[in-house]
Amino acid sequence: MRLVLPPGFYDTAPLSAALAVSDVGPVFAAVRAEQDWTQRRLGEVVELEEKAVSEIERGRRFIYDVRVISRIANALTIPAGKFGFGRTTVGQGVDTGRKKGVSWVDRRDFVDHAAKLTLGMAATAGLDIGRLRALLPGAAPVGSRRVGAADVEFIEQLTAGFARQDFAHGSGLIRDAAVAQVNTVLPLLDAQVSDELRLRLQLAVGRLAMQAGWMSFEVLDHDAARRLWLIGLDIARHTDHPHAEDLSAYLLYDMALQAVHLNRPQEALHLVRIGESTATGRHPISASTIGCLASIKARAHAAQSDVDGCEHALGQAAEHFTAIDPVTAPPWGGHVSETGMSGFHGAAHYALALADRDPRAAGHAVALLRNGVDRLGPNYARLGALYLPDLAGSHAIAGDADAAVTVGHQAVDAVTAVSSPRAYDKLRTLHTVLEYLHTGPGVADLRHRLANTTAA
């Protein structure tokens, strides 16, 4: 049965409003009514199970994977501009989604651009960094002036403050301020500055761009995150600071983590390989950054059910993490500790458990994540909000329903106490994991709470 919709079908106020926030539930219901289709038939068209279609229509399930959204848009002939591809809250009033091709989440050449910037091949990258900068929110021009040590120290302290706020409270309330600061300090790179201070200035601005990109990822503004990270890579390649290669590698770690979140493990592995290639540069890469790259490589292998690849990468990560020297570690590696290592490794084992519903992998994840959670203090509440949903899901897959319910409620409390949309995605995954448990009202009550929390 061929899909035939009347002209302007998606222009009605209810459907336009739903599409603007990527809520396809009302769209599914409207298309089925227009075509006289069953939920099963619609599921066949958009390649979703009938049960998933039902839950989406009832508002019990939401879709965040851009590839699935793209597939639905194509199957139901939804105009890309209506679906909001590439939209970003960065730069209010700027809609970068009018043409799907400008979205850095959807562009197939993103990894190629990242590689060329990292490996010093920017001349052949065909990338207009100036255009990426123009998409940042407007700021008062700094003008040509002399930059001193106090200016650079201010940028460094500002970035460190953003990082502390992100770890303790999440990025939701301060991300826009961080992005605006990037645009404010970028002109300083062209100001008058002594040669000895220029390297420090370049690193400080590059690190601020990296932090703002990370915070954009935390609020699930993936397109803005990628633009900011590319700006950071461009700054790093122009400096000969001893930490420049390390900054590039850590930027690629952030990108790879985002790719894993978007369920693109192969893309993540490509980005990790590019990051590892920086180890052959003029300056050595810190053990913390190489360990982070190995840990995300483990998660990418886990997402592909590659147990051997995951275990090998975890072994590499452990080897590098034990070699970390806090004295020489770069500023962005300060959170990498035994606690962080437990969380990284626990997340990889949980990814294995999710891929194959493997109770043994889930058991390993429980021990590691529990160790990580127990060692976290209030200054790292956002990490706890990310670890606890994974820990509850690990208990569920391991078959311990009581522990899953107990930790699940703790996870909801932790997530709602911080401002991290990415943590809410973790709760949505937990809601799905618990679907397979049929052990009484405790699980049902938790799933109901999860549904209400994530819907809000």
Exercise for review: Taking atom types as modelled, find out whether Ser420 and Glu218 have a side-chain donor-acceptor pair closer than 3.5 angstrom.
Suggested key: yes
**Study point:** Which atom of His241 lies closest to which atom of His283, heavy atoms considered
**Key:** O-CD2, 3.7 Å
Review point. Do you know the tightest heavy-atom contact between Ala348 and Ala298?
Key: CB-CB, 4.1 Å
Practice item. Go through the side-chain N and O atoms of Glu245 and Thr278 and say whether any donor and acceptor fall under 3.5 Å apart. Key: no
Review point. What are the two closest non-hydrogen atoms of Pro330 and Thr289, and how far apart are they?
Key: CG-OG1, 4.4 Å
**Study point:** Salt bridge present between Arg237 and Asp234 (N-O < 4.0 angstrom)
**Key:** yes
Review point. Which atoms form the tightest heavy-atom contact between Ala351 and Arg299, and what is the distance?
Key: CB-O, 4.3 Å
**Study point:** Heavy-atom check, side chain of His301 versus side chain of Pro265, under 4.5 Å
**Key:** no
Check your understanding: Do you know which two heavy atoms are closest between Leu271 and Ala259, and how far apart they sit?
Key -> CD1-CB, 4.4 Å
Exercise for review: Answer yes if the side chains of His261 and Arg422 hold a donor-acceptor pair under 3.5 Å, and no otherwise.
Suggested key: no
Check your understanding: Hey, are the side chains of Phe28 and Leu76 touching, using non-hydrogen atoms and a 4.5 Å cut-off?
Key -> yes
**Study point:** Steps toward side-chain contact (heavy atoms from CB on, under 4.5 Å) verdict (Trp214, Leu257)
**Key:** CA-CA 10 Å; Trp214 170 264; Leu257 179 58; 3.5 Å; yes
Review point. Without hydrogens or angle criteria, can the side chains of Arg175 and Ser216 be said to hold a donor-acceptor pair below 3.5 Å?
Key: yes
Exercise for review: With the side chain counted from C-beta on, respond yes when Leu354 and Thr429 share a heavy-atom pair under 4.5 Å apart, and no when they do not.
Suggested key: yes
Check your understanding: Should His320 and Ile324 count as side-chain neighbours, where that means a heavy-atom distance under 4.5 Å?
Key -> no
**Study point:** Verdict with reasoning, His409 to Arg449, per side chain to side chain donor-acceptor pair (under 3.5 Å)
**Key:** CA-CA 8 Å; His409 284 292; Arg449 187 185 181 198; 3.0 Å; yes
**Study point:** Side-chain donor-acceptor contact under 3.5 Å, His238 with Gln202
**Key:** no
Review point. Is it true that the side chains of Arg273 and His270 contain a donor and an acceptor less than 3.5 Å apart?
Key: yes
Review point. With ring centroids as reference points, do His345 and His364 lie under 6.0 angstrom apart?
Key: no
Practice item. For Leu293 and Gly275, work out which heavy atoms get closest and say how close. Key: CD1-C, 3.8 Å
Practice item. Specify whether Tyr253 and Phe344 have parallel, tilted or perpendicular ring planes, treating 30° as the upper limit for parallel and 60° as the lower limit for perpendicular. Key: perpendicular
